[in-house]
Amino acid sequence: MPTFWRDEEQALADRFLNDGYVVRPAESRADLDRLRDLLADVAASYLSLPRAEDKGAFLDRIHEKVDVGRLNELRLAVIREMNEEPWTRLACFNTARCAIEVLVGNELAMQLRINLSIQLPGDDSSLLPVHADVWSGDSPYEVVLWIPYVHVYGTKTMFILPRAEDARHQARMGELKLKSSDELYRAIEPDLRWLDIPYGNVLLFTQNVMHGNIVNREPETRWSTNCRFKSVFSPYHDKKLGEFFEPILVRPATRLGAGYRLPSVA
Ligand SMILES: O=C(O)CCC(=O)C(=O)O
Ligand SMILES: [Fe+2]
């Protein structure tokens with residue numbers, strides 16, 4: 001039987017299946033820059049600072065302007081403004097649209113609200129210890145588009161457990177009777193990948209594998225957004241269509257099919 005995959009799409013799919021993630025250049029640098037600039041300008045306005053010339057450097061050094069006490073307020077303000085702008089979800093999608101169509105499908109549901117994570121150096125108040133989102137109500141059919149707005153590396157990035165290692169550790173979790181996420185972290189630590197992602201690239205990953213972050217010990221602040229996509233007809237879990245997800249691309253044949261009624265013969 002001939003493969004129905006195109007070569008380059010097959011290569012992308014294989015990489016994703018093998019590792020559980022792929023890092024690739026943003027498909028639209030203009031959309032990525034526009035998102036980054038929005039984050040920087042909204043943060044500047046919230047902190048009553050002039051708009052920065054170099055938006056990336058401003059984001060990297062935001063810890064010089066805001067302390068942990070006010071961080072959550074800032075984060076919520078930026079999330080609100082980002083989600084009020086009508087163009088931001090489309091811009092996110094445009095950074096990875098072809099890859100998402102290859103990895104997830106071309107009839108898609110997208111998360112309604114984009115999440116933002118800001119991690120100041122030394123801040124232990126906004127951590128996401130090792131987890132797989134599917135353990136807490138996400139559908140295993142979801143793929144996360146994770147976009148960094150600064151160069152992320154070392155402890156400033158997130159870690160992920162590649163699929164094979166994840167399967168090995170998940171198989172042993174019952175027998176190890178790990179009592180805390182700290183113990184779990186110590187067990188998987190040797191196999192973790194710390195994703196070094198220069199600005200200009202995006203990450204797509206499955207939240208079926210373990211991932212998370214630790215205290216950022218680098219001298220710069222991390223800024224990233226995450227947003228989930230799934231095939232519109234794949235099974236939903238706690239995060240429902242219409243509440244958490246919204247269809248963004250439904251093809252004509254599906255519309256025709258969904259709206260069709262057989263003529264009544266009675
Ligand atoms: O941003 C991070 O460090 C973790 C993100 C995460 O856990 C997620 O998007 O599911
Ligand atoms: Fe997660």
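FYI, side chains are in, hydrogens and waters are out, and symmetry mates aren't considered; it's all heavy atoms of this structure. The structure displayed is predicted, hence computed values, not measured ones.
Within the 4.5 Å cutoff, side-chain heavy atoms of N106 are placed close to those of R251. Side-chain atoms of Y185 and L192, non-hydrogen and from C-beta on, do get closer than 4.5 Å to each other. Residues W5 and D14 are not in side-chain contact: their nearest non-hydrogen atoms beyond the backbone lie 4.5 Å or more apart. Side-chain contact check for I118 versus T221: some heavy-atom pair is nearer than 4.5 Å. E81 places none of its side-chain heavy atoms less than 4.5 Å from the side chain of Y46. H169 places none of its side-chain heavy atoms less than 4.5 Å from the side chain of L184. With contacts defined as side-chain heavy-atom distances shorter than 4.5 Å, the pair W223/R36 does not qualify. Contact annotation: the side chain of R34 approaches that of W87 to within less than 4.5 Å [non-hydrogen atoms, C-beta and beyond].
Atom OH of Y141 sits in a sparse spot, with 12 or fewer heavy atoms from other residues, nucleotides or ligands closer than 6.0 Å. The number of heavy-atom neighbours closer than 6.0 Å to NZ of K65, taken from other residues, nucleotides and ligands shown, is 12 or below. Few gaps surround CG on D238; more than 12 heavy atoms of other groups in view lie less than 6.0 Å from it. Residue-environment remark: CZ (R29) exceeds the threshold of 12 foreign heavy atoms within 6.0 Å. Sparse packing is recorded around CD of E53, with 12 or fewer heavy atoms of other residues, nucleotides or ligands lying under 6.0 Å away.
Looking at D41 and K55, a side-chain N of the basic residue comes within less than 4.0 Å of a carboxylate O on the acidic one, giving a salt bridge. Ion pairing between a basic and an acidic side chain is recognised when a charged N comes within 4.0 Å of a carboxylate O; K156 and D60 show such pairing. Between D19 and R15, none of the side-chain N atoms (NZ, or NE/NH1/NH2) sits under 4.0 Å from a carboxylate O, so this pair counts as no salt bridge. Note on E101 versus R6: no salt bridge recorded, every NZ/NE/NH1/NH2 to OD/OE distance being 4.0 Å or above. Under the 4.0 Å criterion applied to side-chain N and carboxylate O atoms, R89 and E246 are assigned as salt-bridge partners.
Grouping the Ile, Leu, Val, Met, Phe, Trp and Tyr side chains by contacts below 4.5 angstrom, directly or via other members, places I197 with V144. Cluster annotation: L161 is connected to W135 through the hydrophobic network of ILVMFWY side chains, with a link wherever side-chain heavy atoms come within less than 4.5 Å. Both W146 and V78 belong to a single network of hydrophobic side chains, linked directly or stepwise wherever heavy atoms of I, L, V, M, F, W or Y lie under 4.5 Å apart. Hydrophobic cluster membership is shared by V23 and L103, with clusters built from Ile, Leu, Val, Met, Phe, Trp and Tyr side chains linked at under 4.5 angstrom. Hydrophobic clustering places L49 together with M82 (ILVMFWY residues linked when any side-chain heavy atoms are closer than 4.5 Å, directly or through intermediates).
Using modelled atom types and a 3.5 Å distance limit, the side chains of T225 and Y149 yield a donor-acceptor pair. The closest side-chain donor-acceptor pair between R113 and N115, if any, does not fall under 3.5 angstrom. Inspection of the D123 and Q119 side chains reveals no N or O donor paired with an N or O acceptor under 3.5 Å.
F58 contributes atom CZ, which lies 10.5 Å from atom CG of L39 (distance to the nearest 0.5 angstrom). Interatomic distance, CD of E243 versus OH of Y236, reported as 11.5 Å (0.5 Å rounding). A distance of 6.5 Å separates CG of L204 from CZ of F16, quoted to the nearest 0.5 Å. Interatomic distance, Q111 CD to I248 CD1, rounded to the nearest 0.5 Å: 11.5 Å. Atom CG of L120 is separated from atom CZ of R222 by 11.5 Å, given to the nearest 0.5 angstrom. Here N208 contributes atom CG and Q170 contributes atom CD; the two are 8.5 Å apart, rounded to the nearest 0.5 Å.
Within the structure, side chain to side chain donor-acceptor pair (under 3.5 Å) pairs that include any residue of residues 252-266 comprise E107-T254 (at least two apart or interchain).
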*Going through the distances and angles, do E85 and V42 end up as a side chain to side chain contact (heavy atoms under 4.5 Å, CB included)?*
CA-CA 11 Å; E85 290 289 339; V42 169; over 6 Å; no
*Taking it one step at a time, do V150 and Y199 satisfy side chain to side chain contact (heavy atoms under 4.5 Å, CB included)?*
CA-CA 5 Å; V150 288; Y199 177 69; 5.9 Å; no
*asked:* Between C92 and I147, does the side chain to side chain contact (heavy atoms under 4.5 Å, CB included) criterion hold? Intermediate values first, please.
replied: CA-CA 8 Å; C92 277; I147 308 179; 3.9 Å; yes
*Step-by-step side chain to side chain contact (heavy atoms under 4.5 Å, CB included) determination, D196 to H151*: CA-CA 8 Å; D196 183 323; H151 178 197; 2.8 Å; yes
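Across all their heavy atoms, L32 and P148 have their closest contact at CD1-O, 4.4 Å. Shown here for S126 and L71, the closest heavy-atom pair between the two residues is OG-CD2, 4.2 Å. Taking every heavy atom of both residues into account, L116 and R75 meet most closely at O-NH1, 3.0 Å. The two residues A96 and V202 make their nearest non-hydrogen contact at CB-CG2, 4.1 Å. Smallest separation of non-hydrogen atoms from I114 and C227: CG1-SG, 4.4 Å. Across all non-hydrogen atoms, the minimal contact from P219 to P121 is C-CG, 3.9 Å.
At least one donor-acceptor pair under 3.5 Å links the side chain of T155 to the backbone N or O of R217. Between the side chain of S139 and the backbone N or O of P235 there is at least one donor-acceptor pair closer than 3.5 Å. No side-chain donor-acceptor contact under 3.5 Å links R163 to the backbone of V209. Listed for the Q207 side chain is no donor-acceptor partner under 3.5 Å among the backbone atoms of D138. Remark: side-chain polar atoms of N213 are not paired, donor with acceptor, to backbone N or O of T157 under 3.5 angstrom. Distance alone, capped at 3.5 Å, places no donor-acceptor pair between the H131 side chain and the M210 backbone. In this structure a side-chain-to-backbone donor-acceptor pair under 3.5 Å is present from N216 to E220.
Two rings, from F93 and F229, have their centers less than 6.0 Å apart.
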